[in-house]
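A short write-up of the structure that comes next.
Order of appearance sets the numbers: ligands from 1, and atoms from 1 within every ligand. Here the structure is a predicted model, which is why all the values come from computation and not from measurement. Below, all heavy atoms of this structure are taken into account, side chains as well, without hydrogens, waters or symmetry copies. We number each residue from 1, following the sequence as shown.
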Amino acid sequence: MTKPETGFQTLCAREIAFPRTTEPHILPLYLTSAFDFEDVDQGLRIFMGVEKGHVYGRYGNPTVEAVEDKLVALETYQLEIESKALLYSSGMAAIHGLFSTLLRPGDALLTQANLYGGTTELLLKFFKPYNVEIVFTDLSSLEDVRRSFEEHANIKLVFGETPANPTHSCFDIEAIAMVAHDNNARLAIDNTFATPFLQRPFSLGADFIVHSTTKYLNGHGTGMGGAVLGRDVEWVRERLWEMRKLSGASISPFEAWLVHNGLKTLPLRMRALSQNALAIANFLSKHPSVEYVNYCGLPDHAYNAIASKQMRHYGGIVSFELKGGMEAGIDFMRKSKFSLAPTLGDVDTLVLHPASMSHIRVDRELRLKNGITDGLVRLSVGIEDIDDLLGDLERSLE
Ligand SMILES: *Cc1c(COP(=O)(O)O)cnc(C)c1O
């Protein structure tokens, strides 16, 4: 080693020339806000877009891009199609990125009333005042969807969640994609609940997929993130990317790296928690304290046929109505040993009583209209031993 020719403080401040070694086995975490150019000319070429390269963390990061490519590989698995993904700082940032890039004043968006609460709020509080018309309908009724298109010639995007929270209502993605395309509109699916292991909207004709990676894709409750995938690679690469760059909604490389870890066990987790959820749904539907169970994997559920057509398993969300309403709901929560965390998609089972928790500020009539009744309990079922889960439920229902 040659003796440094700088002052001590300079030596401390300057970046080290780190050793290039054999390739790391695991995706490296690039914690850097900027990337060095070899010389002025390379900087020019990269800024002009004639040479590929990284510039600044908000524009792109190798760790983040590796995870984006992996999401594309999963959502397009065995399909002869192209797609491009962008990761965001949260599911909401992803949904906002898609809407704000695609929708213009005068356009309409067709959706369902029982969307994820944040998405409904975003649409009504921010897009509606910008003169984007929000049209609500029942996406499981083709007749209603067709009528909405007849009544609103300006529908540019259909946005839906299947299965939806907490009633497990589902709609036929393939049929809706056809109606949307016949009317020159695009279809975007929030695939957070299903993940690409259980349901692949691109194979059914969807144009966009959004995810809250915070949930099953991360899978361990350790970080926030979101993703948008589009079939129009150019549009994602240029328009959507530009909006993400300018709004600063990029994901942190560390959070992307956590998603990368989670994805490795996605099929194992989704299979295990779906099996647990089905066993729990069956157990609850026979229990005398339970009025009814919402789980599209039950043969007598209203949407079992649609779900069976387009899903591999039915996922980990089970909700059920307790006999005895609000009081029974709160009592159940007191007895339950499950964590009371207001999220979903972790490896341990989480429980929520929407009427006294997430929806306590929502008008009761509106809440009831969306199937969130007083005695409704929602489980995000994890991968624990099923006997432990059924035992805890049995005790809590006493
Ligand atoms: C959680 C969730 C979102 C929002 O994602 P965040 O990561 O919390 O911003 C959107 N859609 C669905 C279906 C969700 O469950």
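Salt bridge status for Glu234 with Arg237: present, with a side-chain N to carboxylate O gap under 4.0 Å. The pair Lys335-Asp331 meets the salt-bridge criterion, since a charged nitrogen lies less than 4.0 angstrom from a carboxylate oxygen. Salt-bridge annotation for Arg361 and Glu121: absent, with no side-chain N of the basic residue lying under 4.0 Å from a carboxylate O of the acidic one. A salt bridge links Glu242 with Arg239: at least one charged nitrogen is closer than 4.0 Å to a carboxylate oxygen.
The two residues Leu376 and Ser319 make their nearest non-hydrogen contact at CD1-OG, 3.9 Å. Nearest approach of Arg186 to Asp207, heavy atoms of both residues: CA-OD2, 3.4 Å.
Close approach of ligand 1 to Met224 (heavy-atom distance below 4.0 Å) involves ligand atoms 7 (O), 8 (O). Residue Gly91 approaches ligand 1 through these ligand atoms, each under 4.0 Å from one of its heavy atoms: 5 (O), 6 (P), 7 (O), 9 (O). Atoms of ligand 1 found under 4.0 Å from any heavy atom of Gly225 (numbered from 1 in listed order, with element): 7 (O). Of all atoms in ligand 1, listed by their number and element, those nearer than 4.0 Å to a heavy atom of Phe193 are 13 (C), 15 (O). For ligand 1 and Thr214, the ligand atoms under 4.0 Å from any heavy atom of the residue are 7 (O). Using a 4.0 Å cut-off to heavy atoms of Asp190, the atoms of ligand 1 that qualify are 10 (C), 11 (N), 12 (C), 13 (C).
Ligand 1 has no N or O atom lying under 3.5 Å from any N or O atom of Thr119, backbone or side chain.
Among all non-hydrogen protein atoms, the one lying nearest atom 4 (C) of ligand 1 is Tyr116 CE2, 3.4 Å. Here the heavy atom of the protein found nearest to atom 2 (C) of ligand 1 is Lys215 NZ, 2.6 Å. The nearest protein atom to atom 9 (O) of ligand 1, hydrogens excluded, is given as Met92 N, 2.8 Å; this is a heavy-atom distance.
A donor-acceptor contact shorter than 3.5 Å links the side chain of Glu255 to the backbone of Met224.
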